[in-house]
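The structure presented is a predicted model; accordingly, all values stated were derived computationally and were not measured. What's counted below: heavy atoms across the whole structure, side chains too, no hydrogens, waters or symmetry copies.
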Amino acid sequence: MSTGTKNLVHILDGVDFLKMDRRTFMKAVGLLGATVMLDSYKAEIVSALEFAETKLVWLHGSECTGCSESLLNGGNPDIVQALNKLNVNLAYHETLLAQQGIFVDGKLANTSELNSEILLEELIKEGNYILIVEGSIPNGPQGSGKYLMIGKKTFKEIIAEAAPNANAIIAVGSCAAYGGITSADSDIAKDTDYRGVAFAKENPKGGILQELGIDKPVINIPGCPAHPDWILLTLGAVILGKIKVPEDLPVLLDNYGRPKVFYPPDHTVHENCPRRGYYDRGEFDEQVGGEKCLWKLGCKAPYAHADCAIRKWNGSVSFCTQAGGPCIACVEPGFPDTSRPLYVEAEDKGVLLGANIDTVSKVAIGAAAVVAGVHAVRRIKGE
């Protein structure tokens with residue numbers, strides 16, 4: 001060890017690493033060199049990393065927990081690997097919290113270790129966390145939010161407390177982003193009045209934050225459910241500072257608050273669908289179980305802005321149309337109303353440059369058949 005390094009080690013002997021800010025800590029690590037640092041300050045490094053950890057507060061509104069299940073099914077990385085690599089403390093997640101509740105083993109629990117309500121209150125008071133919301137927020141009846149009570153509070157009140165103290169807010173799934181299935185048109189829709197965090201369906205001024213008068217940017221990760229990559233990669237980019245909130249958001253997000261890299265404004269699921277070749281040749285399945293284009297079975301892939309066909313699901317091996325299920329455009333802000341009726345051909349909608357399906361079929365079957373056929377072969381072969 002050089003004399004200079006020995007002197008620096010001596011100086012730092014009296015330093016409390018837990019009181020260092022992250023910048024000073026990283027500078028000290030750089031000056032000492034990783035090996036010396038690890039030898040001399042192993043315990044302090046562990047404490048410092050804990051000090052620098054990122055806390056996640058994951059709230060559940062009105063939903064099916066499908067997005068959490070999707071995240072848990074992620075493969076590369078899986079959620080444990082991701083949380084470890086990013087030094088994330090999943091401080092609150094109602095589905096995954098063990099031994100938590102108002103009552104534990106039949107007895108009233110009055111500490112944050114056992115009582116999730118107390119734990120959440122303490123975390124919100126401490127602040128400095130990333131808030132993830134899964135599920136929509138009922139505003140009804142009549143603005144009370146009482147269609148979803150957790151303990152003695154409405155979920156709307158919990159969002160009102162948690163959002164202002166968050167460093168960043170991510171709405172995971174179509175319900176949290178736009179209201180999703182819970183906000184679908186029905187006889188009770190006006191009474192329940194389900195909202196997304198920042199949007200109400202396509203309305204960017206209808207979200208619950210606007211209703212509460214809270215001005216905070218929100219990153220939307222829609223999907224029913226959201227792809228685990230979309231969640232983890234967005235979260236990782238925010239934690240690592242690759243996305244600066246709020247400075248970078250106007251450039252990185254589309255008009256509906258979605259990261260353009262996963263939900264390209266100029267790209268749809270249809271363009272890279274493995275059944276696209278059949279579409280180009282005007283060959284369509286009219287019964288479930290075939291291998292041709294699913295348009296006549298209600299596929300909405302031409303209207304779905306997402307990279308599903310490239311990224312794929314289930315460990316990057318398949319996705320909906322590949323498994324025989326028509327795309328239902330679950331990533332779009334009007335879902336499910338804009339996709340209904342499901343599994344029925346969208347006869348009146350233009351497809352690709354305004355042409356309807358009959359026009360496309362005639363062109364494909366006619367003079368363009370050779371070109372379309374080549375394209376089809378490429379698609380089918382996965383080239």
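Transitive grouping of hydrophobic side chains (ILVMFWY, heavy atoms separated by less than 4.5 Å) brings I219 and L71 into a common cluster. Placement of V172 and V238 within a single hydrophobic cluster is found when ILVMFWY residues are connected by side-chain heavy-atom separations under 4.5 Å, directly or transitively. Placement of L123 and L131 within a single hydrophobic cluster is found when ILVMFWY residues are connected by side-chain heavy-atom separations under 4.5 Å, directly or transitively. Cluster annotation: Y194 is not connected to M149 through the hydrophobic network of ILVMFWY side chains, with a link wherever side-chain heavy atoms come within less than 4.5 Å. If you chain together hydrophobic residues whose side chains sit under 4.5 Å apart, V344 and V288 never meet in one group.
Of all the heavy atoms in C175 and S62, the pair that sits closest is CB-O, 4.1 Å. Taking both residues in full, the closest heavy atoms of N314 and V317 are given as O-CG2, 2.9 Å, listed atom of the first, atom of the second, then distance. Annotation for S112 and L119: closest pair O-CB, 3.6 Å, computed over non-hydrogen atoms. Shortest non-hydrogen contact noted between L86 and G236 is CD1-CA, 3.8 Å. In terms of heavy-atom proximity, S70 sits nearest to A226 at OG-O, 2.7 Å. Taking all atoms of both residues into account, the shortest heavy-atom contact from I124 to A162 is CD1-CB, 3.9 Å.
Under the 4.5 Å side-chain criterion, counting only non-hydrogen atoms from C-beta, T95 is not in contact with E69. Looking at heavy atoms from C-beta onward, P336 lies out of side-chain contact with I328 at the 4.5 angstrom threshold. Annotation: side chain of V261 is not in contact with side chain of L233 (no heavy-atom distance under 4.5 Å). Counting heavy atoms from C-beta on, the side chains of E271 and R276 come closer than 4.5 Å. The shortest distance between side-chain heavy atoms of P326 and W295 does not fall below 4.5 Å. Annotation: side chain of L294 is not in contact with side chain of Y279 (no heavy-atom distance under 4.5 Å). Residues N165 and K125 form no side-chain contact, since every pair of their non-hydrogen atoms from C-beta on lies 4.5 Å or further apart. Side-chain atoms of V80 and N84, non-hydrogen and from C-beta on, do get closer than 4.5 Å to each other.
The distance from atom CG of D285 to atom SG of C299, rounded to the nearest 0.5 Å, is 11.0 Å. Note that the OH atom of Y303 and the OG1 atom of T338 stand 11.0 Å from one another [nearest 0.5 Å]. Here H227 contributes atom NE2 and C308 contributes atom SG; the two are 7.0 Å apart, rounded to the nearest 0.5 Å. Atom CD of Q81 is separated from atom CD1 of I79 by 11.0 Å, given to the nearest 0.5 angstrom. To the nearest 0.5 angstrom, L72 atom CG is 5.5 Å from L96 atom CG. Note that the SG atom of C327 and the CG atom of L342 stand 10.5 Å from one another [nearest 0.5 Å].
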Stepwise, does the side chain to side chain contact (heavy atoms under 4.5 Å, CB included) test hold for V218 with I170? CA-CA 6 Å; V218 177; I170 302 175; over 6 Å; no

Verify side chain to side chain contact (heavy atoms under 4.5 Å, CB included) between I169 and V197, making sure each step is shown before the conclusion. CA-CA 9 Å; I169 303 175; V197 180; 4.3 Å; yes

Quick one, D185 with K190, criterion salt bridge (Lys or Arg N to Asp or Glu O under 4.0 Å). Give me CA distance, side-chain angles, the key distance, then yes/no. CA-CA 9 Å; D185 289 343; K190 289 184 179 178; over 6 Å; no

Decide yes or no on side-chain hydrogen bond (donor to acceptor under 3.5 Å, both in side chains) for N110 and N115, but give the supporting numbers first. CA-CA 6 Å; N110 291 317; N115 188 316; 4.9 Å; no

Set out, in order, the CA-CA distance, both residues' side-chain angles and the distance that settles side chain to side chain contact (heavy atoms under 4.5 Å, CB included) for F199 and K201, then state yes or no. CA-CA 6 Å; F199 280 70; K201 298 186 177 179; over 6 Å; no

E291 vs Y278, test: side chain to side chain contact (heavy atoms under 4.5 Å, CB included). Steps then yes/no. CA-CA 9 Å; E291 62 179 9; Y278 292 107; 3.5 Å; yes

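Judged by distance alone, the side chain of H93 and the main-chain N or O of L59 form no donor-acceptor pair under 3.5 Å. At distances below 3.5 Å, not a single donor-acceptor pair connects side-chain atoms of Q322 with backbone N or O atoms of P274. A donor-acceptor pair is defined here as one N or O able to donate and one able to accept, closer than 3.5 Å; such a pair exists between the side chain of T192 and the backbone of I188. Looking at T234, its side chain never comes within 3.5 Å of a backbone N or O of I231 through a donor-acceptor pair. The backbone N or O of L148 lies less than 3.5 Å from no partner atom in the side chain of K156, so there is not a single donor-acceptor pair. Looking only at distances, a side-chain donor or acceptor of H305 sits under 3.5 Å from a matching main-chain atom of P264. Side-chain atoms of Q210 come within 3.5 Å of backbone N or O of P204 as a donor-acceptor pair. In this structure, S174 contributes its side chain and C330 its backbone to a donor-acceptor pair below 3.5 Å. The backbone N or O of E157 sits less than 3.5 Å from a side-chain atom of T154, completing a donor-acceptor pair. At distances below 3.5 Å, at least one donor-acceptor pair connects side-chain atoms of D254 with backbone N or O atoms of G257.
At most 12 heavy atoms of other shown residues, nucleotides or ligands fall within 6.0 angstrom of atom CD in Q142. The number of heavy-atom neighbours closer than 6.0 Å to NZ of K146, taken from other residues, nucleotides and ligands shown, is 12 or below. Shown here is K260, whose NZ atom has more than 12 heavy atoms of other residues, nucleotides or ligands within 6.0 Å.
Aromatic ring orientation, Y263 versus W230: tilted (interplanar angle from 30° to 60°). Between Y178 and Y256, the ring-plane angle classifies as perpendicular under the 30° and 60° cut-offs.
Inspection of the T182 and S136 side chains reveals an N or O donor paired with an N or O acceptor under 3.5 Å. Side-chain contact, N87 with E53: no donor N or O sits under 3.5 Å from an acceptor N or O.
For the pairing with E332, the salt bridge (charged side-chain N to carboxylate O under 4.0 Å, His left out) check across R258, K300, R340 returns one residue only, R258.
The distance between the ring centers of H60 and F155 does not fall below 6.0 angstrom.
Listed by chain and residue number, R195 satisfy the salt bridge (charged side-chain N to carboxylate O under 4.0 Å, His left out) test with E211 (two or more places apart in sequence, or in another chain).
Ionic pairing of K242 and D248 is not present here: no N-O contact between side-chain nitrogen and carboxylate oxygen is shorter than 4.0 angstrom. Salt-bridge annotation for E117 and K153: absent, with no side-chain N of the basic residue lying under 4.0 Å from a carboxylate O of the acidic one.
For the pair K296 and F284, the cation sits on the ring face: its NZ or CZ lies under 6.0 Å from the ring centre, inside 45° of the axis.
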